[in-house]
Amino acid sequence: CIDEKMLSIALLLLMLFPTWTWYLSRSLTSISCIVNIFEVKKSIQERDSTLITQLLQKRVAGFYKAFGGFYIRIAQFDLTKSNWICFPDVFTVLNGLFSSHNPYTPSRVGGPIIMLTDDKLWSIVDPIQKSRLFTNRPDNPLLHISSPPPLGWKVNKEMINTTTWWNIQISHISGSLQDSPPVHYVKSNNLHDILRKPTTFLLLTIILGVALYLFSYRINPSGVSFSYSSFIGKGGQYWRMITASFSHFDIMHLGFNTMSLYQLGELESIYGSLSYAYLSIAMVFITMLICVCIYHYQIHHSGMSEIAHQEGVGYSCVLFAWMVAISVRMKTFCPIFLLPSLCFSTYFIALPLSWVQALGLHSSFAVGFPFNIGPFILLFVTKLLIPQSSFVGHLSGILIGYPLAWNLLDWLTPPILLSLLAGLYMMKEDLFVWKIPTFEQQRSGQVDFSSFVPSSQLRSFSLLAVTSSLLFCAVPVSIFIMGPSQIPVRLMHGLIVWSALQGRRCEWILNGNAAHLSSQTDIVNILILSGFYSYCMALYDLCSVAAAAPASSFLFVTSGLSSSRVSIWLVVLSLLVVVEISHWWATLQCLWEMRAAASVLSRFGWDRSTVAKLLGQVGLMRAESAAVVPFSGRAHRLVGDHPVTNTSGGRASVVV
């Protein structure tokens with residue numbers, strides 16, 4: 001049984017997450033500026049002039065952030081972006097500001113730098129060629145000690161030999177350069193490693209904390225492990241995908257995995273802390289699903305039924321996926337540390353250029369996909385030396401590791417992962433509302449729900465109906481605002497809220513009918529999924545608003561969004577958050593009024609009194625509502641808040 005106080009703290013932390021998001025984005029955009037280039041006088045060769053202008057735009061223009069007394073470009077103008085300008089979500093904004101694999105971050109200074117020299121001369125410098133591209137000596141240097149002058153920049157004719165003149169304009173200047181965060185190039189230490197790799201140390205803390213808990217309370221491995229039999233079938237124990245991944249019951253197993261996780265943490269500086277975090281979580285689910293598919297084939301097509309109950313734990317599946325990602329980035333990869341001379345070279349799988357263009361891949365894939373056989377060698381060596389290790393689990397990590405290494409999973413943000421998992425859950429549990437026996441009956445409009453449903457439940461249903469309709473209509477609006485990446489996320493949200501609305505009507509008709517108890521349980525699961533999905537979407541949209549609000553300059557550069565358009569779309573998304581929270585609340589109310597919800601709560605060791613106490617602690621509990629009279633097809637009337645049936649031809653049936 002989960003402690004109620006811990007759940008209250010978890011709910012409070014989820015509510016505070018948008019505040020953290022706003023603070024992070026605000027702190028990264030407080031000292032910044034935008035550099036743009038406008039051509040004011042063309043040379044004789046207009047074609048050459050336009051080409052040079054585009055090259056200078058790509059070379060100089062962009063969004064600059066202050067670090068260590070310099071302005072360093074962290075994002076540049078996208079001259080090839082389409083006319084469909086989209087509002088970026090929280091992951092796009094924070095990845096653009098945080099991502100260390102961006103070539104314009106301080107860790108890899110390859111872009112231009114705006115700097116002030118001792119002789120009061122401002123310069124835009126190319127650090128690679130170690131040359132000044134543009135200079136500016138303001139008439140009044142004292143006014144521009146802490147920020148660059150917006151106008152008056154001159155081109156360095158020695159570097160750019162052309163007769164074309166440009167007007168360099170620096171706008172959206174905010175903050176003082178003197179207050180910029182320092183860049184410390186110090187010898188690595190433990191604290192520096194924690195700050196540089198926060199996601200890695202967070203994962204290490206979780207794994208070690210779970211291991212301490214398991215060892216201290218002597219938890220049976222079968223209580224948290226993952227197996228094919230626990231996953232397959234209706235009502236599978238899906239939470240085992242998470243508990244099994246972070247559980248270790250052997251000291252050697254724990255030591256190997258934590259040591260490997262620490263070493264593979266160098267990838268965090270390549271992918272960025274945020275991307276590394278949610279891709280690691282995605283690998284937990286994907287590797288487990290691949291294991292299920294392999295086990296399913298072995299059991300049903302190879303006759304290996306004995307492996308259905310094999311249990312497995314450990315973080316090794318994810319580690320093998322990241323090991324593939326780091327192996328293809330090396331010229332030679334040595335998988336076995338006891339044999340340092342046993343190394344394997346990385347080679348490239350050629351891919352036609354037409355395929356690269358058709359798939360929309362990065363131009364670097366024109367060379368080919370990097371591939372290293374080292375992970376497969378380690379797979380067989382591990383199974384040979386440690387027979388009880390999971391060959392299928394490690395293999396699943398390798399199989400998904402290559403798409404991960406080739407950056408083919410960069411689109412797999414948490415909202416998209418949530419929509420895919422929700423769709424798989426509905427398919428596996430067969431949670432399709434049109435398969436409920438009374439679906440056509442409630443859709444026909446011949447049932448008068450007001451004759452046998454209490455008024456309090458009708459009010460809750462009205463709120464559910466209004467919010468569901470608004471969310472369903474908001475699907476195309478959200479896709480238009482935030483782009484095609486929102487298609488699976490919003491379509492799944494629309495399907496779930498529509499299913500919850502139809503399922504609530506079906507439950508009223510089925511209420512009290514023991515012959516359709518499984519259908520009532522399915523309706524409860526649909527409403528739980530709808531409430532959970534709406535809550536996650538509200539948190540996601542709220543964090544997107546919190547991240548985008550202080551980063552309007554960054555959005556202008558990376559997405560081409562004007563301030564007015566950003567403001568309008570922020571208002572629209574804010575209203576959408578209100579609707580999503582209202583739908584979540586309406587779903588909770590409807591679930592509380594459903595009799596079949598008790599059977600679902602019993603799976604988690606809860607009952608209605610436990611939930612009532614929890615909701616009362618956070619101020620979300622209201623008085624118990626009247627129950628529903630079982631629908632019998634006879635005439636019903638409603639007297640006050642108490643349903644009364646017509647007793648002619650049968651006895652009265654009232655549930656109180």
Side-chain angles (χ1 to χ4, degrees), residues 10-11 13-22 24-25 86-99 101 198-200 202-203 206 238-239 241-243 245-246 267-268 271-289 315 317-318 321-322 325 400 403-404 407-426 471 475 478-479 481-497 528-548 573 576-577 580-581 584:
L11 182 62
L13 291 177
L14 287 176
M15 291 296 187
L16 292 177
F17 187 76
T19 305
W20 300 339
T21 304
W22 180 87
L24 291 174
S25 58
C86 304
F87 187 89
D89 63 354
V90 56
F91 300 102
T92 304
V93 174
L94 294 185
N95 274 332
L97 294 173
F98 273 107
S99 182
H101 66 276
T199 300
T200 300
L202 176 61
L203 292 173
I206 294 174
Y238 308 113
W239 48 268
M241 291 192 292
I242 300 176
T243 58
S245 297
F246 293 96
L267 288 170
E268 184 174 347
Y271 284 85
S273 297
L274 185 62
S275 297
Y276 185 74
Y278 64 69
L279 285 176
S280 296
I281 298 301
M283 291 303 103
V284 170
F285 294 99
I286 295 176
T287 53
M288 289 298 178
L289 292 176
Y315 198 68
C317 301
V318 181
W322 285 117
I400 194 60
L404 176 66
N407 299 327
L408 299 180
L409 298 181
D410 289 350
W411 54 271
L412 194 59
T413 57
I416 297 179
L417 177 64
L418 176 64
S419 64
L420 296 178
L421 292 178
L424 292 175
Y425 173 73
M426 293 182 68
L471 289 176
V475 170
S478 304
I479 295 175
I481 292 177
M482 304 185 72
S485 63
Q486 297 293 309
I487 292 178
V489 179
R490 304 298 173 173
L491 288 181
M492 181 57 63
H493 195 194
L495 173 62
I496 292 175
V497 299
I528 291 176
L529 179 62
S530 178
F532 175 75
Y533 201 102
S534 295
Y535 179 79
C536 292
M537 293 306 300
L539 187 64
Y540 166 62
D541 290 333
L542 186 59
C543 290
S544 297
V545 172
L573 287 180
L576 181 59
V577 170
E580 290 166 342
I581 295 177
W584 167 72

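Under the ring pair (Phe, Tyr, Trp, His ring centres under 6.0 Å) criterion, Y278 pairs with F91, not counting sequence neighbours. The salt bridge (Lys or Arg N to Asp or Glu O under 4.0 Å) check on D89 picks up nothing, with sequence neighbours excluded. Considering only residues two or more places apart in sequence or on other chains, S245 meets the side chain to side chain contact (heavy atoms under 4.5 Å, CB included) condition with V284, M288. By the side chain to side chain donor-acceptor pair (under 3.5 Å) test, S534 is found to be paired with H493, H583, residues two or more places apart in sequence or in another chain being considered. Every residue two or more places apart in sequence or in another chain that forms a side chain to side chain contact (heavy atoms under 4.5 Å, CB included) with I581 is listed here: A538, V577, W584. The side chain to side chain contact (heavy atoms under 4.5 Å, CB included) check on A277 picks up T199, with sequence neighbours excluded. Residues passing the side chain to side chain contact (heavy atoms under 4.5 Å, CB included) test with L421, sequence neighbours excluded: F285, L289, L417.
Between S478 and L576, the closest side-chain pair of non-hydrogen atoms falls below 4.5 Å. At a threshold of 4.5 Å between non-hydrogen side-chain atoms, the residues S544 and Y540 count as touching. A 4.5 Å side-chain heavy-atom check between M283 and L409 finds at least one atom pair inside the cut-off. Residues L573 and M482 form a side-chain contact, since some pair of their non-hydrogen atoms from C-beta on lies under 4.5 Å apart. Y238 has its side chain out of reach of L424: every pair of non-hydrogen atoms, C-beta onward, lies at least 4.5 Å apart.
Identified under the salt bridge (Lys or Arg N to Asp or Glu O under 4.0 Å) test for residues 536-546, with sequence neighbours left out: R490-D541.
If you take CG on L471 and OG on S530, they are separated by 8.0 Å, rounding to the nearest 0.5 Å. To the nearest 0.5 Å, atom OG of residue S273 and atom CG of residue L202 are 10.5 Å apart. Here the CD1-CE distance, from I496 to M537, works out to 10.0 Å after rounding to the nearest 0.5 Å. From Y276, atom OH reaches atom CG of L267 across 6.0 Å, with rounding to the nearest 0.5 Å. One distance of note links CG of L539 with CD of E580; it measures 10.0 Å at 0.5 Å rounding.
Nearest heavy atoms, A321 versus I400: CB-CG2, 4.0 Å. Residues L412 and L279 share a closest heavy-atom pair of O-CD2, 4.3 Å. S280 and W322 get closest at one heavy-atom pair: OG-NE1, 3.2 Å. Between V475 and G494, the shortest heavy-atom contact is CG2-CA, 4.1 Å. Pairing each heavy atom of L418 with each of C536, the nearest pair is CD2-CB, 3.6 Å.
Taking the six-membered ring for Trp and thresholds of 30 and 60 degrees, Y315 and F246 have ring planes inclined between 30 and 60 degrees apart.
Between the side chains of E268 and T200, a donor-acceptor pair is found at a separation under 3.5 Å.
Looking at S419, its side chain does come within 3.5 Å of a backbone N or O of I416 through a donor-acceptor pair.
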